[in-house]
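Remember, it's a predicted structure, so these values are computed and weren't measured experimentally.
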2 protein chains.
Amino acid sequence: MANDLQQLKQNFISGLSNISGFWGFPKGMGAIFAVLYLSPGPLSLDELVTQTGLTKGAISTNVRGLSRLGLIHAASQLGDRKDYYQAETDFYRAVRAILQERRNSDFDRAVETVRLTLEKLESDDNSDPERAFLVERLRALKDFFDALDSLVNAVTRLDGLGLHTVQTVLKILK
Amino acid sequence: MANDLQQLKQNFISGLSNISGFWGFPKGMGAIFAVLYLSPGPLSLDELVTQTGLTKGAISTNVRGLSRLGLIHAASQLGDRKDYYQAETDFYRAVRAILQERRNSDFDRAVETVRLTLEKLESDDNSDPERAFLVERLRALKDFFDALDSLVNAVTRLDGLGLHTVQTVLKILK
DNA sequence: TACTATGTTTAGTACAAACTAAACGTTCTA
DNA sequence: TAGAACGTTTAGTTTGTACTAAACATAGTA
């Protein structure tokens, strides 16, 4: 019975670990978040150690990452030197945080390179047919990135409404 | 001049390699796609070898992956035993293909696990307060996944309209 | 049939990333 | 001030993955 619940929890934890790995995050992150998400109250680092099976070091670094992403929050309690953590339960907020996090990444830097390259090419003469071809292709790519960018921006700004609003709108569209 | 163009191309190729790696795909994939995307005509495997610096083996496996994702297309020419490849230029189609590809992945399998777990928990009695808490949390998570799922489905179905339509709608929303 | 051209598969290597174990630095307490 | 309680940092190990080099399979050509 209680054993049964424990089994389900364990299942959930390993499942979320895999999801985490799938999206390019450390699996430990997924495990830690899973444990916190299924816990009614905040947990200390040591409790995370026992419940995840990871070592203090791993917990320490992963917890930092999760905090930076806004997926968990530190909740230090007065008169207690321990740090306590709890999971963010508003996933939409978490998604927005993650999207913003990724803005200053290799990705956007590379996109910026494309933009600059295109600007330079377009300003020069493009009587050269090969050059004209390049301009055409890069422009299509840039337009695509711009669209993605707007999409991310829009989602990032959806403060009160959740993703379900977007879903509804999209359903109306077709 | 022509050197200049070559420089730009090289820049673009390495840039796309990084983007590829960032999203969890092999960097070679990005490089190959970049080369094909900047080529006016289809390229053979050997040409890809020389232009990317990768070996035949790497090209072979990566090309298979890109084909599966719908990011490039094989274009065998009659009377020529060589395989030729060209880049897909409709990015929206490519995005849809990638989203569909990811449907049968670890991710969706894990999500399914959550759904089943929840079903089982909800059907049983939940007089146990701990159990009731679990149900509440899992339900919130499931709702979130459902919303994401609908979003993906909607995007997948956007056949004629591109993402820019979505963008426009979102801009109207706020 | 031998030889060539082409793409795939395999065995091994190199590298990056996440983790463990343990040393370390702080801060609180006796 | 000594010691304990915590969290962080570091050095080293493990692991997974993308790549190279080369053997292989297949089909076309002399």
Side-chain angles (χ1 to χ4, degrees), chain A residues 13-14 16-36 42-69 71-86 102 105-107, chain B residues 13-14 16-36 42-69 71-86 105-106:
Chain A
I13 292 170
S14 73
L16 215 57
S17 294
N18 287 337
I19 293 185
S20 182
F22 180 78
W23 288 106
F25 299 103
K27 299 180 78 176
M29 273 197 185
I32 293 172
F33 180 82
V35 167
L36 288 177
L43 296 181
S44 70
L45 191 143
D46 274 338
E47 289 169 312
L48 286 174
V49 166
T50 60
Q51 294 208 34
T52 60
L54 299 177
T55 58
K56 279 199 304 174
I59 300 284
S60 179
T61 59
N62 280 324
V63 147
R64 205 181 313 145
L66 284 169
S67 277
R68 202 166 33 81
L69 290 177
L71 282 168
I72 69 174
H73 301 286
S76 309
Q77 300 179 349
L78 273 72
D80 193 339
R81 262 178 59 214
K82 287 203 190 86
D83 292 346
Y84 288 89
Y85 301 95
Q86 51 190 352
R102 298 218 153 172
S105 61
D106 295 332
F107 179 71
Chain B
I13 292 169
S14 73
L16 214 58
S17 295
N18 287 337
I19 292 185
S20 182
F22 180 78
W23 289 105
F25 299 102
K27 298 181 79 175
M29 273 197 185
I32 293 172
F33 180 83
V35 167
L36 288 176
L43 296 181
S44 72
L45 191 144
D46 275 338
E47 289 168 310
L48 285 175
V49 167
T50 60
Q51 292 208 34
T52 60
L54 299 177
T55 59
K56 279 199 305 176
I59 299 285
S60 179
T61 59
N62 280 324
V63 146
R64 205 180 314 145
L66 283 169
S67 277
R68 201 166 33 84
L69 290 176
L71 282 168
I72 69 174
H73 301 286
S76 309
Q77 299 180 351
L78 274 72
D80 192 339
R81 262 179 57 215
K82 286 202 189 88
D83 293 345
Y84 290 88
Y85 301 95
Q86 51 191 350
S105 61
D106 295 332

To the nearest Å, give me how far apart CG (Asp80(A)) and P (dC6(D)) are.
8 Å

Rounded to the nearest 0.5 Å, what separates atom CG in Asp46(B) from atom NZ in Lys82(B)?
6.5 Å

Nucleotide of dT9(D), dG7(C), dT8(C) approaching Asp83(B) most closely (side-chain heavy atoms)
dG7(C)

Nearest whole angstrom, please: distance from the P of dG7(C) to the CD1 of Ile32(B).
13 Å

How far does CZ of Phe33(B) sit from CG of Leu48(B), to the nearest 0.5 angstrom?
12.5 Å

Rounding to 0.5 Å, atoms CD1 (Ile59(B)) and CG (Asp83(B)) come to a distance of 13.0 Å

Test side chain to side chain contact (heavy atoms under 4.5 Å, CB included) applied to Tyr85(B) and Leu43(B), step by step:
CA-CA 5 Å; Tyr85(B) 301 95; Leu43(B) 296 181; 6.0 Å; no

Nearest whole angstrom, please: distance from the C1' of dT8(C) to the CZ of Arg81(B).
13 Å

Atom-to-atom span, CZ of Phe22(A) to P of dA18(C) - whole angstrom
17 Å

Would you kindly give the CG-to-C1' distance between Leu45(A) and dG7(D), to the nearest whole Å?
7 Å

Generate the contact string for nucleotides 18-25 of chain D. Rules: B means base contact, S means sugar-phosphate contact only, - means no protein heavy atom under 4.0 Å.
SSBS----

To the nearest Å, how far apart are Lys82(B) NZ and dA5(C) C1'?
8 Å

Met29(B) versus Ser20(B), closest heavy-atom pair with distance:
CB-OG, 4.0 Å

Rounded to whole Å, the CG-P distance (Asp46(A) to dA5(D)) equals 11 Å

For the pair made of CG in Leu43(A) and P in dC6(D), what is the distance, rounded to whole Å?
15 Å

Quick one, Glu47(A) with Ser44(A), criterion side-chain hydrogen bond (donor to acceptor under 3.5 Å, both in side chains). Give me CA distance, side-chain angles, the key distance, then yes/no.
CA-CA 5 Å; Glu47(A) 289 169 312; Ser44(A) 70; 3.2 Å; yes

